[in-house]
Protein chains: 2
Amino acid sequence: MPKKRVLPYILLGLINNQTKMSGYQISQEFNHEIGEFWHASHSQIYPELQRMISDGWIEPDDAVKDSKSIFYLITPNGKNVLKEWLSEPLSEKDDLFSLKLYFIKDQDSPLLKNLVQQQLQINSEHYLHLLSRKKLVFSDESKVRDNYGHSLILNRAIEREHNHINWLKNTLDDLK
Amino acid sequence: MPKKRVLPYILLGLINNQTKMSGYQISQEFNHEIGEFWHASHSQIYPELQRMISDGWIEPDDAVKDSKSIFYLITPNGKNVLKEWLSEPLSEKDDLFSLKLYFIKDQDSPLLKNLVQQQLQINSEHYLHLLSRKKLVFSDESKVRDNYGHSLILNRAIEREHNHINWLKNTLDDLK
DNA sequence: ACCCACATGTAAGACGTTACATGATTCC
DNA sequence: GGAATCATGTAACGTCTTACATGTGGGT
């Protein structure tokens, strides 16, 4: 199976969030908030927008007659595509958790709880995996001495997972 | 300036860590510890090893006459290249901190303290940046309600930076 | 008139993935 | 002898980056 593309869904999500966006505005977005989680250059964005038009996900807004910018609107079909993407199960590999959360505006959306629960599951398994690797690879102090940098980042990774799991649990409680 | 490649330095670091490795062994490594931070498929690794030979970074170990595997050793030149890469200033963009730590075996290496200090600087700046974005974008509660998912991950990102900074500070103290 | 920010687009090349291909060894 | 694993390599393709290219509009 070919690897699932992410960029078109991000563009869809951005247009959906703001109701109406130009290619230039989208490319600027990656310098701000969404830039924490993803990046795309304008040379990627413009052709992608054309593809999305031909797929019927978005359409140019003919109401605005600006000599410079072209604004795009999401179509009903596009709204469905976005919702389906947001509903797809998270994978441990590509880590789309934060990105997808960014596109959920409503506190009461069932997608929200769903995403947090899935991520909690993924992180819990990963946490246990890291603990077992630590036990295996750093079974005694001499191994730590001989691979000190490695032992540092493994401990850091374990702590990070621990923190993330706690945050996810707290967030889940707040959502209930 | 062309974007700096990472893969060859990882291969160099792996070979250096283990003294001697075959392409197959390297590809297996990405299924284990180093896989937390990077991945490469065998179809990338084999040609890369050839390039590294022609650059004089590594050399095949002729002492081992295995009908299957080809083992590679790091050259003195390769050792220098690796050390220089580890000494290059960290950038906020590509986040090579964990990866580079992985290749530092000695607790007393000056590179260790150097890396932690650099990363501390980067994370501290990023932390302040996130706080200012939060103040700007979520200036009142209605903005939070209207972009709930976004506010969640922004708060999560702030907490994560905070945790990471604390860990870096503690680690730095331990190193002194 | 000139410069700069805005705005959109195309082309070439680097990098990485999946798929294709081949051969040796080990285990049953 | 057949299957699975070990081991190396090439080919085709998709994605993303950098560079090239063009035009508009506002400020001085």
Side-chain angles (χ1 to χ4, degrees), chain A residues 1-12 14-15 18 20-32 34-35 37-55 58-62 64-72 85 91 93-96 99, chain B residues 1-12 14-15 18 20-32 34-35 37-55 58-62 64-72 85 91 93-96 99:
Chain A
M1 54 201 155
K3 207 169 181 178
K4 185 92 179 177
R5 299 203 64 204
V6 178
L7 182 61
Y9 301 100
I10 297 176
L11 302 193
L12 210 49
L14 287 171
I15 293 169
Q18 310 273 330
K20 176 166 77 174
M21 288 194 94
S22 70
Y24 187 78
Q25 283 179 322
I26 290 170
S27 76
Q28 295 304 99
E29 283 289 303
F30 288 104
N31 298 330
H32 304 127
I34 189 102
F37 313 108
W38 203 268
H39 184 260
S41 52
H42 78 272
S43 61
Q44 254 189 298
I45 293 166
Y46 292 118
E48 193 62 53
L49 288 169
Q50 298 309 313
R51 242 169 283 155
M52 290 164 72
I53 291 174
S54 62
D55 288 347
I58 57 172
E59 55 187 9
D61 183 4
D62 294 325
V64 184
K65 275 298 165 214
D66 190 314
S67 63
K68 291 169 83 178
S69 299
I70 305 165
F71 288 89
Y72 299 96
W85 180 69
S91 142
K93 307 205 69 173
D94 41 21
D95 192 25
L96 299 176
L99 200 54
Chain B
M1 53 197 155
K3 207 170 181 177
K4 185 93 179 174
R5 298 205 64 203
V6 177
L7 182 61
Y9 301 100
I10 296 175
L11 302 193
L12 209 49
L14 288 170
I15 293 170
Q18 309 275 327
K20 175 166 76 173
M21 288 193 94
S22 70
Y24 186 79
Q25 284 178 322
I26 290 171
S27 76
Q28 294 306 99
E29 283 289 303
F30 289 104
N31 300 330
H32 304 127
I34 189 98
F37 313 108
W38 203 267
H39 184 261
S41 52
H42 78 271
S43 61
Q44 255 190 297
I45 293 165
Y46 291 117
E48 193 63 53
L49 288 169
Q50 297 311 312
R51 242 169 285 155
M52 291 164 73
I53 291 174
S54 63
D55 289 347
I58 57 172
E59 56 188 7
D61 182 4
D62 295 324
V64 184
K65 275 297 164 214
D66 189 315
S67 62
K68 291 169 81 179
S69 299
I70 306 164
F71 289 89
Y72 300 96
W85 179 69
S91 140
K93 306 207 70 172
D94 42 20
D95 192 25
L96 298 176
L99 200 55

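Source: prediction; values computed, not measured. A note on names: the letters A, B, ... follow the listed sequences, proteins ahead of strands, and every chain is numbered from 1.
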**Message:** Nearest heavy atom decides the nucleotide; on that basis, is B:H42 or A:L49 closer to the 5' end of DNA chain C?
**Reply:** A:L49
**Request:** To the nearest 0.5 Å, tell me how far A:Q25 CD sits from A:Y72 OH.
**Result:** 11.5 Å
**Message:** Let's see if you can work this out: which of C:dG16, D:dG9, C:dT17 has an atom nearest to the side-chain heavy atoms of B:S41?
**Reply:** C:dT17
**side chain to side chain contact (heavy atoms under 4.5 Å, CB included) between B:F30 and B:I10, worked out** = CA-CA 10 Å; B:F30 289 104; B:I10 296 175; 3.9 Å; yes
**Prompt:** For A:F71 and C:dA7, what is the distance between atoms CZ and P respectively, to the nearest whole Å?
**Reply:** 7 Å
**Complete:** Which of D:dG9, C:dT8, C:dG16 is nearest the side chain of A:S22? It is C:dT8
**Message:** Using the side-chain heavy atoms of A:K68, tell me which of these nucleotides is nearest: D:dT24, C:dT17, D:dG9.
**Reply:** D:dT24
**Asked** Between A:Y46 and C:dG9, does any side-chain N or O lie under 4.0 Å from OP1 or OP2?
**Response** no
**Message:** Measuring only between side-chain heavy atoms, which start at C-beta, is A:I45 closer than 4.5 Å to A:S27?
**Reply:** yes
**Asked** Base, sugar-phosphate, or nothing for B:S69, non-hydrogen atoms under 4.0 angstrom?
**Response** sugar-phosphate
**Asked** Can you tell me if B:K68 and B:Y24 form a side-chain donor-acceptor pair at under 3.5 Å?
**Response** no
**Request:** Would you kindly give the CZ-to-P distance between B:R51 and C:dC15, to the nearest whole Å?
**Result:** 8 Å
**Asked** Expressed in angstrom and rounded to an integer, what is the separation of B:Q25 atom CD from D:dT8 atom P?
**Response** 8 Å
**Request:** Would you kindly compare A:S43 and B:S43 by the position of their nearest DNA chain D nucleotide and give the one closer to the 5′ end?
**Result:** B:S43
**Prompt:** So, is A:Y24 near the phosphate of C:dC6, with a side-chain N or O under 4.0 Å from OP1 or OP2?
**Reply:** yes
**Request:** Write down the distance between CD1 (B:I53) and P (D:dT8), rounded to a whole number of angstrom.
**Result:** 11 Å
**Asked** Given atom CG of A:L7 and atom C1' of D:dT17, what is their separation to the nearest angstrom?
**Response** 13 Å
**Given D:dT8, D:dC16, C:dT8, the nucleotide with the shortest approach to the side chain of A:I70** = C:dT8
**Asked** Whole Å only: how far is the CH2 atom of A:W38 from the P atom of D:dT15?
**Response** 12 Å
**Complete:** Of all heavy-atom pairs linking A:I34 and A:E29, the shortest is CG2-O, 3.1 Å
**Asked** How long is the line joining NZ of A:K93 and C1' of C:dG16, in whole Å?
**Response** 13 Å
**Asked** If you find the nucleotide of DNA chain C closest to A:Q44 and the one closest to A:Q28, which residue's nucleotide is nearer the 5' end?
**Response** A:Q28
**Message:** Please tell me if B:R5 has a side-chain N or O lying less than 4.0 Å from either OP1 or OP2 of C:dA14.
**Reply:** no
**Message:** Nearest whole Å is fine: how far is D:dC16 P from B:D94 CG?
**Reply:** 18 Å
